[in-house]
Amino acid sequence: MERVEQHACAGGRQEVWKHRSDVLNCEMKFGIFLPEVATRGEPCPVLYWLSGLTCTEQNFITKAGAQAHAAKHGVIVVAPDTSPRGDEVADDPAYDLGQGAGFYVNATQAPWSAHYRMQDYVAHELPELVERHFAANGQRGIMGHSMGGHGALITALRHPGRYASVSAFSPIVAPSQVPWGAKALTAYLGEDRQSWTAWDTVELIKQASESLPLLVDQGGADEFLSTQLRPELLEQACQTTGHPLTLRRQPGYDHSYYFIATFLADHFAHHAQALGR
């Protein structure tokens, strides 16, 4: 690994590291905030943030103001990139497919399958790397926004017992039923819609073996609300199965980082409680 950025922040350090990913077969970057206690070697829980379409590891660490919340609760925050990158990695001219749009799935279709195994990266390879090189105590939470909200929810649901907490801002909750998801899942997984259910939060809720409480914030003025996000589908699935869900509709808020920054403290408190902080 190589550290490519380091900044004093909120009493701790905001860093960016790059490394060769065996899972993705390319070089990757991730941001990591180390609160002051972690810089002294005290083991801390790790909260993973998954960003949305077009983002890199930079968006969350520069726009959300997360470091002050992480310092308050004594948690490490890790923000990976949203897809594999590089000249050798398959791409698409559109913003919602290819580089910057990994959708946190394991692709099975060429040419994507050569690199696009983001689920294995965020759920296994990256945590193993973080827990080997930093003062992490093995406890994990996960959250994200939009495509990353989808990623956080499916990752927690697909790995019962691996995460103590999960939350999301404006998540794509039913990718098999909306244009963004249908386009990506067709490309990455193929035409068999049955295979898509393993990557769809609404479908995973129906068979969840763990009742991990979900916290979801959704802006009422989000331009993607009715076409791409459709939180009512998650609400219906949780009501049907009895899965614990706190869905907060926030009037007047859009899809931006202004929305995320406004309610991020509540999400940190949600995770900190579950992580014993």
Side-chain angles (χ1 to χ4, degrees), residues 1-19 28-52 54-82 122 126-146 148-149 151-152 155-156 163-170 215-217 219 248 250 253-277:
M1 294 211 307
E2 179 185 351
R3 185 170 57 199
V4 294
E5 287 186 40
Q6 178 176 268
H7 312 280
C9 185
R13 292 199 308 268
Q14 177 64 59
E15 302 180 347
V16 176
W17 290 76
K18 69 178 180 180
H19 70 102
M28 290 293 287
K29 290 181 180 178
F30 65 90
I32 183 167
F33 175 73
L34 302 167
E36 191 270 339
V37 290
T39 66
R40 292 190 280 104
E42 179 180 321
C44 298
V46 181
L47 185 53
Y48 291 86
W49 170 270
L50 305 184
S51 291
T54 75
C55 291
T56 70
E57 82 287 344
Q58 290 290 325
N59 296 71
F60 183 69
I61 66 176
T62 59
K63 293 181 178 180
Q67 293 87 350
H69 305 303
K72 174 183 175 181
H73 295 290
V75 298
I76 295 169
V77 177
V78 173
D81 202 346
T82 53
V122 300
L126 181 60
E128 290 167 5
L129 197 68
V130 168
E131 291 166 17
R132 186 162 67 246
H133 290 280
F134 301 95
N137 66 9
Q139 288 185 295
R140 310 174 196 95
I142 190 165
M143 61 179 176
H145 171 235
S146 195
T155 302
Y163 298 92
S165 55
V166 60
S167 73
F169 291 86
S170 315
L215 171 62
V216 174
D217 269 305
R248 309 194 308 180
Q250 307 292 1
Y253 285 89
D254 60 19
H255 200 69
S256 71
Y257 266 82
Y258 298 108
F259 165 57
I260 295 169
T262 300
F263 299 103
L264 190 59
D266 294 345
H267 286 246
F268 267 90
H270 165 79
H271 289 280
Q273 182 177 18
L275 293 167
R277 308 299 278 196

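The analysis underlying the following values was restricted to heavy atoms, covering all of them including side chains, and did not include hydrogens, waters or symmetry mates.
Taken to the nearest 0.5 Å, the CG atom of L215 stands 11.0 Å off from the CZ atom of F263. Atoms CD and NE2, from E128 and H133 in turn, are 11.0 Å apart once rounded to the nearest 0.5 Å. Between I260 atom CD1 and S146 atom OG the span is 8.5 Å, to the nearest 0.5 Å. Summarising the geometry, atom CZ belonging to R277 is positioned 14.0 Å from atom NZ belonging to K72; distances are rounded to the nearest 0.5 Å.
Under the side-chain hydrogen bond (donor to acceptor under 3.5 Å, both in side chains) test applied with Q14, the options Q67, H7, Q6 reduce to a single match, Q67.
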Before you tell me yes or no, could you show the steps for F60 and L264 under side chain to side chain contact (heavy atoms under 4.5 Å, CB included), namely the whole-Å CA-CA distance, both residues' side-chain angles and the distance that decides it to 0.1 Å? CA-CA 11 Å; F60 183 69; L264 190 59; 4.1 Å; yes
Start with the C-alpha distance between E131 and R140, add both sets of side-chain angles, then the distance that settles side chain to side chain contact (heavy atoms under 4.5 Å, CB included), and finish with yes or no. CA-CA 10 Å; E131 291 166 17; R140 310 174 196 95; 2.7 Å; yes
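F169 has its side chain within reach of H267: a pair of non-hydrogen atoms, C-beta onward, lies under 4.5 Å apart. By the 4.5 Å heavy-atom criterion applied to side chains, I61 and V16 are counted as neighbours. Residues H271 and V75 are not in side-chain contact: their nearest non-hydrogen atoms beyond the backbone lie 4.5 Å or more apart. Taking the side chain as every heavy atom from C-beta outward, M28 and P80 never approach each other to under 4.5 Å. Under the 4.5 Å side-chain criterion, counting only non-hydrogen atoms from C-beta, F30 is in contact with L129. Counting only heavy atoms from C-beta outward, the side chains of I76 and P35 approach each other to under 4.5 Å. Between L126 and Y48, the closest side-chain pair of non-hydrogen atoms falls below 4.5 Å.
Ring-plane geometry between Y253 and F259 is classed as tilted, the angle between the planes lying from 30 to 60 degrees on a 0 to 90 degree scale. Aromatic ring orientation, F268 versus H73: parallel (interplanar angle below 30°, classes split at 30° and 60°).
A distance-only check finds a donor-acceptor pair linking the side chain of T82 to the backbone of C55 [under 3.5 Å].
Counting only N and O atoms by type, the side chains of S165 and H270 include no donor and acceptor under 3.5 Å apart.
For D266, the salt bridge (charged side-chain N to carboxylate O under 4.0 Å, His left out) partners are R248, not counting sequence neighbours. Residues passing the salt bridge (charged side-chain N to carboxylate O under 4.0 Å, His left out) test with R132: none are found, sequence neighbours excluded.
Environment of CD in Q273: sparse, with no more than 12 heavy atoms of neighbouring residues, nucleotides or ligands closer than 6.0 Å.
Separation of the W49 and F33 ring centroids does not fall under the 6.0 Å cut-off.
Residues T155 and Y163 come closest through the heavy atom pair CG2-OH, 3.4 Å. When all heavy atoms are compared, the tightest approach of C44 to V37 is SG-CG2, 3.5 Å. Looking at every heavy atom in both residues, A152 comes nearest to L50 through N-CD1, 3.5 Å. The shortest heavy-atom contact between N137 and P43 is CB-CB, 3.7 Å. For the pair Q139 and L275, the tightest heavy-atom approach, listed with the atom from each and the gap, is OE1-O, 3.3 Å. Here the closest non-hydrogen pair linking G219 and S170 is N-OG, 4.4 Å.
Sorted by first then second residue, the salt bridge (charged side-chain N to carboxylate O under 4.0 Å, His left out) pairs that include residues 5-14, not counting sequence neighbours, are R13-E15.
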